[in-house]
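As structure tokens, the structure follows; a few thoughts come after it.
The sequence lines fix the lettering, A, B, ..., with proteins before strands; numbering per chain opens at 1. Because only heavy atoms are used, hydrogens play no part in the values below, and waters and symmetry mates are left out as well, while side chains stay in.
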Amino acid sequence: MQEFLQLVVSGIATGGIFASLALALVLIYNAMGLVNFAQGEMAMVATFIAFTLISHGLNYWIAFPVTLVIAFAGGIAIQRIVIRPVERAPLLTLVIITLGLTTLLNGLAGAIFGYVPRSFPSPFSVQTVNILGAYASYRDLGVIAVSGVVLLAIYLLLQRTTVGLTLRAAAHHPEASRLLGVRVSWMLALGWGLASAVGAVSGIMVAPIILLEPNMMQTIIIYAFAAAVLGGIESPLGAVIGGLIVGVTVNLAGTYVPFVGGDLQLAVALAIIIGVLVLKPNGLLGRPSVRRV
Amino acid sequence: MSALLELEEVRAGYGPTSVLHGVSLEVNDGEIVSLLGANGAGKTTTLRAITGGVRWTGDIRLNGKSLRKMHTEDVVRYGVAHVPEGRGILTELTVEENLKLGSHLRRDGPDVRKDYDRVFEYFPVLRDRRRLSASTLSGGEQQMLALARAFLMKPRLMLLDEPSLGLAPLVVRAIFEIIKTINESDHVAVLLVEQNARLALDLSSKAYVLEVGRLAIEGSSAELRGNDAVRRSYLGY
């Protein structure tokens, strides 16, 4: 029982990481109906920026928000420079462009920082604390707290502010929003900026666990896809719930399902993706696409 | 005195298909003007040209300022509220959020609150349903929401595209009554596109009739109402 609880807590921690990246995917999907395959690599680049800042002596808790601001600006820049010129292109073109962006960012990071895995600092110790009989590491609790705060901040921004309202309006009904004076094109850019910043959180949180290198997000993005699909690719709340479920499931399966072990955890995520698409294509919180005629 | 809205030889179309072949019209400050005509005459395209939803040539001026090269959102911010064909309700959002999108650019807080009170006085049903998804509203209620939202934008000019479409006669009468109230109390000019010519002519002071992209007739609403030949051949009643 105790082991089970511990696995759940650390599953929630990794789930928070998946949730952040899944939320980033959902933000862009909502804005333009596009799955941004480069989301993981954007997070990886942001993590390298955080690493550079910290190794130049900047305090972790200063480097963290500074990195998010840089990631935010970077996301906007990518939308303006790379995506906007082809905004009206067919979806497949956009998908190929995000794939190209993935390769580009990965190669750039490799060229600049090399492929040797580096240890990334964590402000939370790996020591454990006893909570109600279960042992949880400070690091897991810290990851849960940071992800929780970030996700809550995004939720409040989207649901409680005017900017969030116009952002949602622009995403769902660009034409009608323009007629209400919403600058739709900038709202798309803002969506990319936010997604980039939220994704960066997942990179910074996961780097101490799996070591920092250009390919580090390539498995994480699969888990994030699973989380986003499970939650319903259009639902921000669904992405968070999906992230937590995927995190806990993968952790439990790795321990309790003998043949899964540590090697097949990724296969569990893929099984979730396929299972959801077959059994409940709209995910847990996604709306079926109904069109009134 | 120059008009609030002036269209001068406006031509517009979709890709290779041209729809308007040189339309000129004027709307004065605080005036209600009807734009009538059969299906496909170019009424909707005229409104879309004004708010930049379709490419056009010629000239369109608001308050003397040309709207050429202005994006839709800038025309709107300049004081035009356009209730489009299909009403433009954001069905993923709540009624209240839809209203808020109408007032989100305004900086006159106390006046905004007063305007909300007035909206809820005109359309009590919107107050009752403000926390519900706008998709749960009936057609008439959605038209009320669209009109309320346009009012909250505090425009100088409202463009209304067939507010009566698909609604029960009683609802239509209520909505037209409110259009008149808003026009009179706030001095908002209205360019009203309607299939229901009788209704529109009762409300407006001036009317234009479009026929396949050209102006066929223009005149005071009273004149057009009284002219049997015009009524039979162009207005169909």
Under 4.5 Å from any heavy atom of chain A - which part of B:I89: backbone
Salt bridge flag under 4.0 Å for residues B:D161 and B:R48: no
Carboxylate-amine/guanidinium proximity below 4.0 Å for B:E92 and A:R168: no
Residue part contacting chain A, namely of B:L90, when any heavy atom lies under 4.5 Å: both
Chain B contact via A:T162 - which portion, at a heavy-atom distance below 4.5 Å: side chain
Lys/Arg-Asp/Glu bridge criterion (N-O < 4.0 Å) met for B:D115, B:R106: yes
Donor-acceptor side-chain pairing of A:Y223 and A:T14 below 3.5 angstrom: no
Heavy-atom pairs under 4.5 Å with chain A, option from B:T51, B:V76, B:D74 with the top count: B:V76
Chain A contact via B:L105 - side chain, backbone, both or neither, heavy atoms under 4.5 Å: side chain
Partner chain B: residue of A:V184, A:V182, A:L179 with the largest heavy-atom pair count (under 4.5 Å): A:L179
Polar side chain donor-acceptor pair, A:S20 to A:S202, under 3.5 angstrom: no
Lys/Arg-Asp/Glu bridge criterion (N-O < 4.0 Å) met for B:E121, B:R118: no
Chain A contact via B:R87 - which portion, at a heavy-atom distance below 4.5 Å: neither
